[in-house]
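Atom set for the values below is all heavy atoms of this structure, side chains included, hydrogens, waters and symmetry mates excluded.
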Amino acid sequence: MKLILFGAPGAGKGTQASAINEALKIPTISTGNIIREAISKGTEAGLQAKQYTEKGALVPDEVVVKMLSDRISRDDCANGYVLDGFPRTIPQAEALDAMGITIDTVLSLEVDDSAIEERMSGRRVCPCGESYHLKFNPPAKEGVCDKCGAALVQRVDDKAETVRERLRVYHELTEPVKAFYEKRGKLVCVDGNQSVEATTQLIFKALGL
Ligand code: ADP
Ligand code: ADP
Ligand code: ZN
């Protein structure tokens, strides 16, 4: 099973990807997490990416496509995966085609822009990739990841002005990807304005789980 979790920044892609991983036993491939790891390690690709993520801009397609193709060629992706945050442009969607990858379903989490700011301002993340919210999805122990016990942090690009820029970029460059998959009959839109659990139920229903 190869799935794409699509949606605006803060729509809940990472959160829902975790639920799908557990149900389907396939990994999440998050280009955002791959990029943040590359930045923290100071790799060449990370250095290239940093200037873009800090501004809320997209990292150039060729840089992200290379990171993605390296990652999905690893053994744990043999039975499928959930793509979180990729593709984010039409050329990235075309790059998946060029790699000969057939996507089964594109789940688009539809969340009103007005809800995004509160989700982002309360978001706390773990270096392992897990995402929490101070109010809507707190960890069992304050400031500590349920999954791995590491300390939670706030992302530098989650400040309000950068979030506004990321939303603008989403509407301009990323939203057109929906029509790309709709034409192929792959697009399923899910209401993401509800609670984490209610949204998970809608996704499982859409996937026939
Ligand atoms: P969010 O989960 O809030 O949507 P991500 O963690 O997916 O954010 O991405 C964080 C940042 O990493 C993006 O704002 C962008 O700069 C960069 N990025 C992630 N995925 C891509 C991609 N597919 N193409 C270009 N840039 C990307
Ligand atoms: P994305 O990967 O799309 O950027 P995240 O999964 O990181 O989004 O979610 C963004 C923030 O919103 C996080 O703080 C997360 O805990 C919170 N969140 C996710 N889903 C919901 C929901 N259905 N209702 C309220 N908050 C949510
Ligand atoms: Zn963790």
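I4 has its side chain out of reach of L107: every pair of non-hydrogen atoms, C-beta onward, lies at least 4.5 Å apart. Residues V188 and S108 are not in side-chain contact: their nearest non-hydrogen atoms beyond the backbone lie 4.5 Å or more apart.
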Identify all side-chain donor-acceptor contacts of residues 148-156 below 3.5 Å with residues at least two apart in sequence or on another chain.
residue: R155; atom: NE; partner: D157; partner atom: OD1; Å: 3.0
residue: R155; atom: NH2; partner: D157; partner atom: OD1; Å: 3.4
residue: R155; atom: NH2; partner: D157; partner atom: OD2; Å: 3.1

Distance-only donor-acceptor pairs under 3.5 Å for side chains of residues 74-82, two or more places apart:
residue: D76; atom: OD1; partner: R71; partner atom: NH1; Å: 3.0
residue: D76; atom: OD2; partner: R71; partner atom: NH2; Å: 2.6

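Counting only distance, with no hydrogens or angles, the side chain of T162 and the backbone of D158 share no donor-acceptor pair below 3.5 Å. At least one donor-acceptor pair closer than 3.5 Å links the side chain of Q51 to the backbone N or O of Q48.
The side chain to side chain contact (heavy atoms under 4.5 Å, CB included) search around Q201 returns none, not counting sequence neighbours. Evaluation of the side chain to side chain contact (heavy atoms under 4.5 Å, CB included) rule for L68 yields I29, T31, I72, L83, F86, L96, M99 as partners, not counting sequence neighbours. Residues passing the salt bridge (charged side-chain N to carboxylate O under 4.0 Å, His left out) test with E118, sequence neighbours excluded: K135. For K186, there are no salt bridge (charged side-chain N to carboxylate O under 4.0 Å, His left out) partners at least two apart in sequence or on another chain. Residues meeting the salt bridge (charged side-chain N to carboxylate O under 4.0 Å, His left out) test with E175, sequence neighbours left out: none.
Of the N and O atoms on the side chains of T89 and D61, at least one donor lies less than 3.5 Å from an acceptor on the other residue.
Closest approach of Y181 and P87 over heavy atoms only: OH-CG, 3.8 Å. V111 and A115 make their closest contact through CG1-CB, 4.0 Å (heavy atoms, listed as atom of the first residue, atom of the second, distance). The two residues P138 and Y132 come nearest to each other via the heavy atoms C-CD2, 4.3 Å. When all heavy atoms of R119 and G192 are compared, the pair lying nearest together is NH2-O, 2.9 Å. For the residue pair A8 and I116, the shortest heavy atom distance occurs at CB-CD1, 4.3 Å. Taking every heavy atom of both residues into account, Y52 and P60 meet most closely at CE1-CD, 3.4 Å.
Among residue pairs with one or both ends in residues 189-198, those qualifying as side chain to side chain donor-acceptor pair (under 3.5 Å) are D191-N193, D191-Q194; sequence neighbours excluded. The salt bridge (charged side-chain N to carboxylate O under 4.0 Å, His left out) contacts involving residues 3-30 comprise E22-K147, where partners must be two or more places apart or lie in separate chains. Under the salt bridge (charged side-chain N to carboxylate O under 4.0 Å, His left out) criterion, the residue pairs touching residues 87-106 are D97-R184, with sequence neighbours excluded. Legend: salt bridge (charged side-chain N to carboxylate O under 4.0 Å, His left out) pairs involving residues 43-56, not counting sequence neighbours, sorted by first then second residue: K50-E54. Residue pairs that meet the salt bridge (charged side-chain N to carboxylate O under 4.0 Å, His left out) test with at least one member in residues 136-146, sequence neighbours left out, do not exist here.
By the criterion of side-chain heavy atoms lying less than 4.5 angstrom apart, applied directly or through intervening Ile, Leu, Val, Met, Phe, Trp or Tyr residues, I26 is not grouped with I101; the two fall into different hydrophobic clusters. Hydrophobic cluster membership differs between L58 and M120, with clusters built from Ile, Leu, Val, Met, Phe, Trp and Tyr side chains linked at under 4.5 angstrom. Note: the hydrophobic cluster containing L3 does not contain L187 (ILVMFWY, side chain heavy atoms under 4.5 Å, direct or indirect links). Taken together through direct or relayed side-chain contacts under 4.5 Å among Ile, Leu, Val, Met, Phe, Trp and Tyr, L109 and L209 form part of one hydrophobic cluster. Hydrophobic cluster membership differs between I34 and L5, with clusters built from Ile, Leu, Val, Met, Phe, Trp and Tyr side chains linked at under 4.5 angstrom.
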Exercise for review: For the pair K178 and E110, evaluate salt bridge (Lys or Arg N to Asp or Glu O under 4.0 Å) and give the outcome as yes or no after the intermediate values.
Suggested key: CA-CA 11 Å; K178 271 164 69 171; E110 307 286 327; 2.9 Å; yes
Exercise for review: List the steps, then state whether side-chain contact (heavy atoms from CB on, under 4.5 Å) holds for Q16 with D84.
Suggested key: CA-CA 10 Å; Q16 297 301 332; D84 163 9; over 6 Å; no
**Study point:** Stepwise side-chain hydrogen bond (donor to acceptor under 3.5 Å, both in side chains) check, N21 with T28
**Key:** CA-CA 7 Å; N21 295 160; T28 297; 2.7 Å; yes
Check your understanding: Where do I39 and L47 land on the side-chain contact (heavy atoms from CB on, under 4.5 Å) test, with the steps shown first?
Key -> CA-CA 6 Å; I39 292 173; L47 290 174; over 6 Å; no
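Taking 4.0 Å as the cut-off between side-chain N and carboxylate O, E37 and K41 count as a salt-bridged pair. Look at E165 and R168 and you find a salt bridge, because one of the NZ, NE, NH1 or NH2 atoms lies within 4.0 Å of a carboxylate O, short of that distance. Electrostatic pairing of R124 and E130 does not count as a salt bridge here, judged by no charged N lying under 4.0 Å from a carboxylate O.
Atoms OG1 and CZ, from T53 and R36 in turn, are 8.5 Å apart once rounded to the nearest 0.5 Å. A distance of 10.0 Å separates CD in Q92 from CD in E62, rounded to the nearest 0.5 Å.
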